[in-house]
Amino acid sequence: MNNPMVDYRTFIRLDSAELSQALRRNAPPKAPRQWIFALLDIACTDYYSVNQEPGINLAVRLLFASRLLDFVDQELGVHNPFFVARAYMKVARKAIEDGAHEVPHSLTADAVTARTLRCFRLTRAQALEVAGARRDRYLDALTAGLEGEEFRRTVRVDGDAELNTVTVLLPKARWFQGKITDRDIAGELNAWLEIYSELELGDTVAELLNRRQRRSQEDA
């Protein structure tokens with residue numbers, strides 16, 4: 001069984017080509033992504049003693065993290081692009097918060113925000129349309145007192161998955177506002193954030209969902 005901590009101590013000292021080969025050779029067949037993200041977690045965690053060893057500083061850890069993410073993105077064929085985009089944002093935020101001076105391009109505020117925006121498969125107009133349809137479906141289903149599979153079937157709308165990608169990633173991308181140097185990227189992010197509140201289910205649906213949950217708990 002792979003031990004991520006042992007692997008990390010060896011892999012972080014490899015150059016890019018050697019690391020790619022080592023990842024291909026050692027990744028567990030059944031869970032390669034989970035193993036690589038365990039390595040990523042170690043790289044992003046300051047208190048691990050391995051990160052205090054000679055030759056392992058913040059710049060080295062960030063470079064290693066970027067190579068891990070590039071490997072996941074380019075070679076593992078992850079079907080949830082927002083999962084990878086979220087990981088890039090996590091590491092990029094650490095780089096900025098820790099005041100890193102040597103940051104791989106893929107971990108700059110501009111690069112991670114652009115990557116996040118590319119995950120959006122809906123235009124803003126389409127996202128608003130899907131959000132409105134979903135909100136109406138929820139109101140109808142909750143007002144009718146539907147439960148279980150009937151409820152889930154009623155609230156399902158075309159574009160649900162694509163809208164979820166937007167609503168999951170936008171709150172995390174918001175942190176990079178004011179840190180982006182490219183005006184086009186900054187403008188696109190700002191435009192999405194301006195409509196974010198309209199993409200949510202809204203206060204009325206939230207209240208009805210809370211009442212539904214309270215009734216369920218009382219009946220249990």
Side-chain angles (χ1 to χ4, degrees), residues 2-24 26-28 31-53 55-120 164-182 185-186 188-189 192-193:
N2 298 71
N3 183 321
M5 188 64 74
V6 173
D7 293 336
Y8 176 81
R9 181 172 274 106
T10 301
F11 292 175
I12 195 171
R13 303 179 190 278
L14 302 177
D15 64 28
S16 181
E18 291 173 331
L19 177 60
S20 295
Q21 293 172 6
L23 292 173
R24 295 188 197 100
N26 292 277
R33 189 183 71 184
Q34 290 85 336
W35 172 70
I36 290 175
F37 274 86
L39 297 174
L40 182 69
D41 180 68
I42 297 170
C44 292
T45 305
D46 295 332
Y47 63 73
Y48 285 126
S49 59
V50 65
N51 287 328
Q52 311 305 318
E53 294 180 2
I56 301 181
N57 54 33
L58 180 60
V60 171
R61 290 160 56 195
L62 291 173
L63 180 59
F64 179 70
S66 73
R67 288 171 173 170
L68 289 177
L69 288 170
D70 290 347
F71 183 86
V72 171
D73 187 37
Q74 297 166 16
E75 301 206 27
L76 289 190
V78 176
H79 298 299
N80 294 324
F82 75 85
F83 188 88
V84 179
R86 189 167 53 185
Y88 271 101
M89 284 194 285
K90 173 185 175 181
V91 184
R93 178 168 177 169
K94 176 175 180 56
I96 294 171
E97 289 181 331
D98 288 5
H101 297 294
E102 300 177 48
V103 180
H105 174 74
S106 63
L107 297 179
T108 61
D110 287 36
V112 297
T113 303
R115 172 182 291 275
T116 296
L117 293 170
R118 288 196 299 271
C119 290
F120 298 171
N164 286 337
T165 295
V166 174
T167 57
V168 166
L169 290 179
L170 266 181
K172 297 187 179 299
R174 183 189 299 275
W175 189 86
F176 294 94
Q177 263 190 316
K179 302 173 180 68
I180 301 165
T181 59
D182 186 290
I185 297 172
E188 183 71 5
L189 175 62
W192 275 103
L193 289 171

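Put simply, CZ on Arg9 and CD1 on Ile42 are 9.0 Å apart, with the number rounded to the nearest 0.5 Å. To the nearest 0.5 Å, the span separating CG on Leu23 from CZ on Phe71 amounts to 5.0 Å. If you take CG on Leu63 and CG on Asp15, they are separated by 10.0 Å, rounding to the nearest 0.5 Å. Atom CG of Leu189 is separated from atom CD of Gln177 by 5.5 Å, given to the nearest 0.5 angstrom.
Look at Glu53 and Arg13 and you find a salt bridge, because one of the NZ, NE, NH1 or NH2 atoms lies within 4.0 Å of a carboxylate O, short of that distance. Salt bridge Asp46/Lys94: present, at least one basic N to carboxylate O contact under 4.0 Å.
Residue-environment remark: CD (Glu102) stays at or below the threshold of 12 foreign heavy atoms within 6.0 Å.
Within the 4.5 Å cutoff, no side-chain heavy atoms of Phe11 are placed close to those of Glu18. Contact of the Ile185 side chain with the Glu188 side chain is not registered, since no non-hydrogen atoms from C-beta on lie closer than 4.5 Å. Within the 4.5 Å cutoff, the side chain of Arg174 has no heavy atoms near those of the Trp192 side chain. Side-chain atoms of Phe37 and Val72, non-hydrogen and from C-beta on, do get closer than 4.5 Å to each other. Side-chain contact between Pro104 and Leu107 is present, with heavy atoms from C-beta onward closer than 4.5 Å.
A donor atom on one side chain and an acceptor atom on the other are not found under 3.5 Å apart for Trp35 and Asn26. Defined by atom type and a distance below 3.5 Å, a donor-acceptor pair is missing between the side-chain atoms of Tyr8 and Asp41.
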Report all side-chain donor-acceptor pairs from residues 81-90 shorter than 3.5 Å, counting only partners two or more places apart or in another chain.
from: Tyr88; atom 1: OH; to: Leu69; atom 2: O; distance (Å): 3.4
from: Tyr88; atom 1: OH; to: Asp70; atom 2: N; distance (Å): 3.3
from: Tyr88; atom 1: OH; to: Asp70; atom 2: OD1; distance (Å): 2.5

Solution key, residues 109-120 side-chain donor-acceptor pairs under 3.5 Å, sequence neighbours excluded:
from: Asp110; atom 1: OD1; to: Thr181; atom 2: N; distance (Å): 2.8
from: Asp110; atom 1: OD1; to: Thr181; atom 2: OG1; distance (Å): 3.4
from: Asp110; atom 1: OD2; to: Thr181; atom 2: N; distance (Å): 3.4
from: Asp110; atom 1: OD2; to: Thr181; atom 2: OG1; distance (Å): 2.8
from: Asp110; atom 1: OD2; to: Asp182; atom 2: N; distance (Å): 2.9
from: Thr113; atom 1: OG1; to: Ala109; atom 2: O; distance (Å): 2.7
from: Arg115; atom 1: NH1; to: Asp73; atom 2: OD2; distance (Å): 3.0
from: Arg115; atom 1: NH2; to: Asp73; atom 2: OD2; distance (Å): 3.3
from: Thr116; atom 1: OG1; to: Val112; atom 2: O; distance (Å): 2.9

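Here the closest heavy-atom approach between residue Arg93 and residue Phe176 is recorded as N-CZ, 4.0 Å. For the pair Arg67 and Leu14, the tightest heavy-atom approach, listed with the atom from each and the gap, is NH1-O, 3.4 Å. What you find for Leu62 and Ala100 is that their closest heavy atoms are CD1-CB, 3.5 Å. In terms of heavy atoms, Cys44 sits closest to Val91 at SG-CG2, 3.7 Å.
Shown are Leu68, Ile56, Leu19; of these, the side chain to side chain contact (heavy atoms under 4.5 Å, CB included) with Ile12 is made only by Ile56.
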Determine, step by step, whether Asn51 and Asn57 satisfy the side-chain contact (heavy atoms from CB on, under 4.5 Å) criterion, reporting the C-alpha distance in whole Å, the side-chain angles of both residues, the deciding distance to 0.1 Å, and the verdict.
CA-CA 7 Å; Asn51 287 328; Asn57 54 33; over 6 Å; no
